[in-house]
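Starting from 1, each residue takes its place in the sequence as its number.
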Amino acid sequence: MLTQISQLLDPQQLEAVRNIIATGQFADGSQSAGMAAQRVKYNEELTLEPAHLKDLNNLVMGTLVKHPVYRSAALPLKVAAPYYAHYTKGMSYGEHVDDPIMGTGSELYRSDVSITVFLSSPDEYDGGELVVQTSFGEQQVKLPAGDAILYPSSSTHRVAEVTRGERLVAVSWVQSLVQDPEKRALLHDLNQARETLLRDKPDAGETRQVNQSYINLVRMWSDI
């Protein structure tokens, strides 16, 4: 399931993000890829002074982790610090699946949900679509600046070649409380109905039933 979060970052936040990014430099992005992905990864990644990187992550991830759609769809247990990927004309990221285990040392985590936050407007570049293989076929994603997309890390995906301009995104991963993507999708749908009932019919019997079912399914399916 692909889940879009519209207007995750507002125009003021986007301007602040871009101002911080402008203080850094971009380096070869293939160095952070796994052995298989290195062969198809042609982009750049941002390097920043630690204090500036902390401010940038607080803006992007601090907003994301509070968003109700993110919390409902990802059911996060652990979330990775993002990296900031930069694509110019001729750059792309070929077909790949994200590494199943990421991090280092005691900070290892399983990648269940991949997240892309778009920081460039669609009119700033041609090409550069995020292309995800789903059970409904190939889905192409190119969202407004400030929007985010969540999708299973087990999905085969790629970034199409940029043919004009610059594409800038933040990318992160989540280890979910619920590893199975189909179960996560069902819980997200059920939670949307649950929240509507809790808002509109808080004292109804069906609200109590749906709320109890959601809570117990999370308990049944969670990894902890």
Side-chain angles (χ1 to χ4, degrees), residues 2-33 41 43-88 91 93 98-99 102-104 107-125 128-130 132 141-153 157 159 162 165-177 184 188:
L2 276 66
T3 302
Q4 181 177 345
I5 302 178
S6 298
Q7 298 178 332
L8 172 68
L9 301 174
D10 63 31
Q12 292 74 26
Q13 289 171 315
L14 278 170
E15 182 179 5
V17 164
R18 289 189 174 224
N19 287 340
I20 296 173
I21 289 174
T23 68
Q25 295 181 329
F26 291 104
D28 181 6
S30 66
Q31 300 306 309
S32 67
K41 187 177 184 182
N43 66 6
E44 297 176 325
E45 292 177 17
L46 180 68
T47 58
L48 274 176
E49 293 293 331
H52 291 166
L53 182 61
K54 181 179 179 180
D55 290 342
L56 181 59
N57 289 345
N58 285 341
L59 265 173
V60 176
M61 299 304 292
T63 305
L64 177 68
V65 299
K66 297 174 185 175
H67 199 284
V69 174
Y70 161 81
R71 297 188 65 82
S72 175
L75 292 170
L77 176 62
K78 297 180 181 179
V79 60
Y83 75 81
Y84 299 86
H86 181 244
Y87 296 77
T88 57
M91 291 185 179
Y93 198 157
D98 291 334
D99 288 345
M102 299 186 179
T104 58
E107 301 298 321
L108 294 176
Y109 62 93
R110 185 184 64 234
S111 60
D112 295 324
V113 181
S114 298
I115 304 161
T116 298
V117 182
F118 289 79
L119 303 176
S120 300
S121 298
D123 60 1
E124 293 182 86
Y125 61 100
E129 296 86 359
L130 172 65
V132 183
V141 184
K142 188 173 182 179
L143 300 181
D147 284 14
I149 191 76
L150 283 64
Y151 58 96
S153 300
H157 57 282
V159 176
V162 171
E166 297 180 67
R167 177 187 191 262
L168 183 63
V169 295
V171 180
S172 184
W173 295 269
V174 167
Q175 178 175 333
S176 178
L177 288 164
R184 283 199 309 272
H188 180 47

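- To the nearest 0.5 Å, atoms OG1 (Thr116) and CG (Leu143) are separated by 9.0 Å.
- Checked by atom type and distance alone, the side chain of Ser121 never pairs as donor or acceptor with a backbone atom of Ala145 at under 3.5 Å.
- Residues Asn57 and Pro82 share a closest heavy-atom pair of OD1-CG, 3.3 Å.
- Between the side chain of Ser172 and the backbone N or O of Ile115, no donor-acceptor pair lies under 3.5 Å.
- One N or O on the side chain of Lys78 and one on the backbone of Leu108 form a donor-acceptor pair closer than 3.5 Å.
- Take Ser6 and apply the side-chain contact (heavy atoms from CB on, under 4.5 Å) test, not counting sequence neighbours, and it matches Gln4, Asp147.
- At a threshold of 4.5 Å between non-hydrogen side-chain atoms, the residues Val162 and Thr88 do not count as touching.
- Using a 4.5 Å cut-off on side-chain heavy atoms (C-beta onward), Asp99 and Ser111 make no contact.
- Screening residues 61-71 for side chain to side chain donor-acceptor pair (under 3.5 Å) gives Gln13-Thr63 as the qualifying pairs, with residues at least two apart or on separate chains.
- Contacts of Glu44 classified as side-chain hydrogen bond (donor to acceptor under 3.5 Å, both in side chains), with partners at least two apart in sequence or in another chain: His86.
- Using a 4.5 Å cut-off on side-chain heavy atoms (C-beta onward), Leu46 and Leu56 make contact.
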> Are Asp98 and His157 close enough, and set up right, to give a side chain to side chain contact (heavy atoms under 4.5 Å, CB included), and what steps lead you there?
Replying inline: CA-CA 9 Å; Asp98 291 334; His157 57 282; 3.3 Å; yes
> Is there a side chain to side chain contact (heavy atoms under 4.5 Å, CB included) between Arg167 and Leu130 once you walk through the steps?
Replying inline: CA-CA 11 Å; Arg167 177 187 191 262; Leu130 172 65; 4.1 Å; yes
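- The structure places CZ of Phe118 at 11.0 Å from CG of Leu168, a figure rounded to the nearest 0.5 Å.
- Put simply, the side chain of Ser114 never gets that close to the backbone of Trp173: no donor and acceptor are under 3.5 Å apart.
- The side-chain hydrogen bond (donor to acceptor under 3.5 Å, both in side chains) check on Asp55 picks up nothing, with sequence neighbours excluded.
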> Does the pair Glu166 and Tyr125 meet the rule for a side chain to side chain contact (heavy atoms under 4.5 Å, CB included), with working shown?
Replying inline: CA-CA 5 Å; Glu166 297 180 67; Tyr125 61 100; 5.8 Å; no
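- Considering OG1 of Thr3 and OH of Tyr151, their distance stands at 12.5 Å, rounded to 0.5 Å.
- In this structure, Leu59 and Leu9 have side chains that are not in contact, with every pair of non-hydrogen atoms separated by 4.5 Å or more.
- Taking CG of Leu64 as the reference point, atom CG of Leu8 lies at 5.5 Å (rounded to 0.5 Å).
- Screening residues 111-124 for salt bridge (charged side-chain N to carboxylate O under 4.0 Å, His left out), with sequence neighbours left out, gives Arg18-Glu124, Arg110-Asp112.
- In this structure Ser72 satisfies the side-chain hydrogen bond (donor to acceptor under 3.5 Å, both in side chains) test together with His188, Asn191, sequence neighbours excluded.
- For the atom pair CG of Leu2 and CD1 of Ile149, the computed distance is 4.5 Å after rounding to the nearest 0.5 Å.
- Between Pro144 and Pro122, the shortest heavy-atom distance links the atoms CA-CD, 3.8 Å.
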>> For Tyr84 and Leu119: C-alpha separation, side-chain torsions, deciding distance, then whether side chain to side chain contact (heavy atoms under 4.5 Å, CB included) applies.
In response: CA-CA 9 Å; Tyr84 299 86; Leu119 303 176; 4.1 Å; yes
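- Taking OG1 of Thr47 as the start and CG of Leu53 as the end, the distance is 9.5 Å to the nearest 0.5 Å.
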